[in-house]
Structure formats: structure tokens, C-alpha cells
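This report concerns only the one structure given below.
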Protein chains: 2
Amino acid sequence: MFELDIRSRKPIYEQLVEKLKQLIINDVMKEDEKLPSVRELAQQLTINPNTIQKAYRELESQGYIYSLKGKGSFVHPVTKSQNKEELTKVREELKKLFAEAMYLGITTEEIQTLLREVEGGEQDD
Amino acid sequence: MFELDIRSRKPIYEQLVEKLKQLIINDVMKEDEKLPSVRELAQQLTINPNTIQKAYRELESQGYIYSLKGKGSFVHPVTKSQNKEELTKVREELKKLFAEAMYLGITTEEIQTLLREVEGGEQDD
DNA sequence: GTTACTGTACTACAAATATTAATACAGTTA
DNA sequence: TAACTGTATTAATATTTGTAGTACAGTAAC
């Protein structure tokens with residue numbers, strides 16, 4: 001399916017997340033298409049299934065896939081459907097604005113605080 | 001000058017950065033005003049000078065102060081003057097963009113990932 | 001020059017956190 | 001039941017982070 005650099009400083013679960021994101025964003029994997037099972041992919045890549053699981057969990061929390069116990073993990077339709085270009089645009093805008101904010105001295109902590117405000121959730125340190 | 005919570009989970013150098021930022025933003029410290037030397041403040045707070053140094057370095061990299069070897073550290077004039085309105089504007093833009101992103105189904109987790117990407121600058125192995 | 005201040009760089013070490021793995025649990029389908 | 005699926009818990013490592021100890025280097029006053 002793809003290759004990993006096992007001795008990179010970048011953790012393999014993170015490499016996995018990136019590669020899979022690419023496949024989803026670039027339509028190589030279609031809506032609701034089943035991803036390899038954690039064990040299958042693990043065996044194929046000669047790593048621990050739990051590492052795959054971590055990558056999948058991350059992808060799920062970011063809205064790229066959904067997982068069903070006993071069934072499998074699948075490409076999340078919403079992510080792909082309507083506003084793909086719009087989504088890409090917003091992601092780029094976010095990155096630009098982050099850079100600008102940080103250039104002005106706004107800390108990532110403050111940015112996260114703003115995010116929480118919008119989200120409505122409440123948290124503390 | 002101020003108090004620190006030595007047994008907080010938040011590192012003391014970070015607490016220092018926040019407190020000092022407050023003093024600068026709220027005009028308690030004026031442009032080009034000298035901050036306490038790293039050793040002086042360290043002794044006063046009963047912590048290691050290097051911890052102060054780390055806070056100062058952070059403040060400098062964020063544009064709040066500037067340091068001159070052998071002379072001291074001082075409040076950076078630029079930070080205070082022009083950027084105040086700009087800062088408010090960027091904060092508003094961030095909130096708007098967050099709302100839009102979440103409306104499109106981008107999760108807060110993904111936003112934080114994007115933030116980390118920008119924050120880290122490009123780093124690989 | 002010497003002295004007494006300044007910031008800075010380098011190293012080290014303990015604590016916290018992150019990464020991966022081993023194992024066991026639980027749902028689905030035939 | 002058997003053979004798949006994802007998930008939770010725990011533990012062993014590896015890596016990062018926070019702080020400190022020490023030495024180096026510039027500035028200013030004498």
C-alpha cells in the first residue's frame with residue numbers, strides 16, 4: 001500500500017496518518033471504502049497492530065474515517081463530499097493566519113484558548 | 001515583582017513569560033525599560049538564573065523584549081506601539097475562521113494539528 | 001588592567017511525556 | 001464456534017522537557 005521510514009525521527013503512526021490522509025484527500029480511497037484492518041496492515045508493514053490503531057484513532061478524531069467495532073474502518077463521506085475545495089482553502093487560510101498570529105507574538109496557547117472559546121467547550125490547565 | 005506557583009503543573013519559565021507579557025501589554029513596563037537581570041530576578045524568586053534566561057529568550061523570540069549582552073534586557077518598543085490594533089484584528093479573524101472551519105466539519109483536533117504544523121516550522125528527519 | 005556587573009552557551013540529569021508493544025477484551029458475521 | 005473486526009489496559013522504551021551547574025563573553029566603572 002505504501003512505505004514507511006522505520007528509522008525516521010517522525011513516529012510511524014504519524015507517518016501513517018499523513019499517508020492515509022493523502023489517499024483520502026486525493027480520492028485514491030473513495031467514500032465509505034474500507035481501510036485495511038489494523039492487524040492486516042500491521043502484518044503487511046511488520047509493525048505492531050496497536051500502532052495502526054493509534055493512527056486510525058487519530059484519523060477518526062480528525063474526521064477522516066469512522067470505525068465500527070467488529071466491522072472495520074472506513075473513509076468518512078462528509079470529509080470528501082461537498083466542499084472539498086472550500087475545505088482546502090480554509091485549511092490554507094488557517095495556516096497562514098496562524099503564521100501571522102505567531103509572527104505578532106500570539107502564543108499557540110492563546111490560539112488554543114480562542115479555539116476553545118469558539119468551540120464552546122471549557123477546560124483548564 | 002510578582003508571584004509564582006512553584007508547584008503548578010505549568011512550568012515556571014512559562015508562568016514568567018505570561019506575567020511579563022502582562023506587564024508589557026498593560027503598560028506597567030514602558031518602552032525600553034530595563035527588566036531585572038537574570039541573576040537578580042533569579043535570586044529574588046529563589047530559582048535558577050537559567051530559568052529566567054529561558055523566559056527572556058522566549059519573550060525575545062516573540063518580540064516582546066530585546067537583550068544586549070553585558071547590558072541587560074529591555075522592553076521592545078515595537079511590540080507595544082503599532083501592533084496593538086493588528087493583534088485585535090488577527091484575534092477576530094482567527095475566531096471567524098475557526099467558526100467557518102468547524103461549520104465545514106473540520107474538527108478541533110485537526111485545527112490543532114494544523115497549528116502544530118505551523119508552529120513546528122518544517123521539521124523532518 | 002581589575003572588578004562587578006550584564007547576557008549566553010554547553011552540559012547534565014531528573015521528571016514528564018510520547019511511542020510502541022504485549023495482551024486481553026468485545027462486537028460482527030457466517 | 002471460528003475467524004474476523006476494533007478497543008482498552010498495561011508496561012517497557014525512547015524521547016522530550018524543565019531545571020540546574022558551570023563556564024564563557026561582553027560592558028562599564030574604576
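Lettering of chains follows the sequences in order, A, B, ..., and the numbering in each one begins at 1.
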Spacing between [X] atom [atom1] and [N] atom [atom2], to the nearest angstrom:
X: B:Arg57; N: D:dG18; atom1: CZ; atom2: P; value: 12 Å
X: A:Ile52; N: D:dT7; atom1: CD1; atom2: P; value: 13 Å
X: A:Gln43; N: C:dA22; atom1: CD; atom2: P; value: 14 Å
X: A:Asn50; N: D:dT10; atom1: CG; atom2: P; value: 14 Å
X: A:Leu41; N: C:dA21; atom1: CG; atom2: P; value: 13 Å
X: B:Tyr13; N: D:dT17; atom1: OH; atom2: P; value: 9 Å
X: A:Leu35; N: D:dT5; atom1: CG; atom2: P; value: 12 Å
X: B:Leu59; N: C:dT8; atom1: CG; atom2: P; value: 12 Å

Should [X] be listed as having a side-chain N or O under 4.0 Å from OP1 or OP2 of [N]?
X: B:Lys71; N: D:dA28; value: yes
X: B:Lys54; N: D:dG18; value: yes
X: B:Ser67; N: C:dG7; value: no
X: A:Gln53; N: D:dG6; value: no

Among A:Leu115, A:Val90, A:Ile111, the one residue meeting side-chain contact (heavy atoms from CB on, under 4.5 Å) with B:Ile111 =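 With B:Ile111 as partner, A:Leu115, A:Val90, A:Ile111 yield a single side-chain contact (heavy atoms from CB on, under 4.5 Å), made by A:Leu115.
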Of all the nucleotides listed ([options]), which has the minimum atom distance to the side chain of [X]?
X: A:Ile47; options: C:dG7, C:dA21, D:dT19; result: C:dA21
X: A:Val38; options: D:dG6, C:dT8, C:dT19; result: D:dG6
X: B:Tyr56; options: C:dT19, C:dG7, C:dT6; result: C:dG7
X: B:Asn48; options: D:dG21, C:dT8, D:dG18; result: D:dG21

Would you mind telling me which residue lines up with the more 5' stretch of DNA chain C, B:Leu68 or A:Thr51, judged by nearest nucleotide?
->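 Nearest nucleotide further toward 5': that of B:Leu68.
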Residue whose nearest DNA chain C nucleotide is more 5′ - A:Glu14 or B:Lys34 =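 Taking each residue's closest nucleotide, the earlier one in sequence belongs to B:Lys34.
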Would you sort out whether A:Val17 and B:Thr113 count as a side-chain contact (heavy atoms from CB on, under 4.5 Å), showing the intermediate values?
-> CA-CA 11 Å; A:Val17 168; B:Thr113 302; over 6 Å; no
Roughly how far, to the nearest 0.5 Å, is CD of B:Glu100 from CD of A:Glu93?
->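 Interatomic distance, A:Glu93 CD to B:Glu100 CD, rounded to 0.5 Å: 6.5 Å.
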Euclidean distance, A:Leu16 CG relative to A:Lys19 NZ, rounded to 0.5 Å =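 Here the interatomic distance stands at 9.5 Å.
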How is B:Arg39 classified with respect to the nucleic acid when contacts are heavy atoms under 4.0 Å: base, sugar-phosphate, or nothing?
-> base
Do the rings of A:Phe98 and B:Phe98 sit parallel, tilted or perpendicular, given the 30° and 60° boundaries?
-> tilted
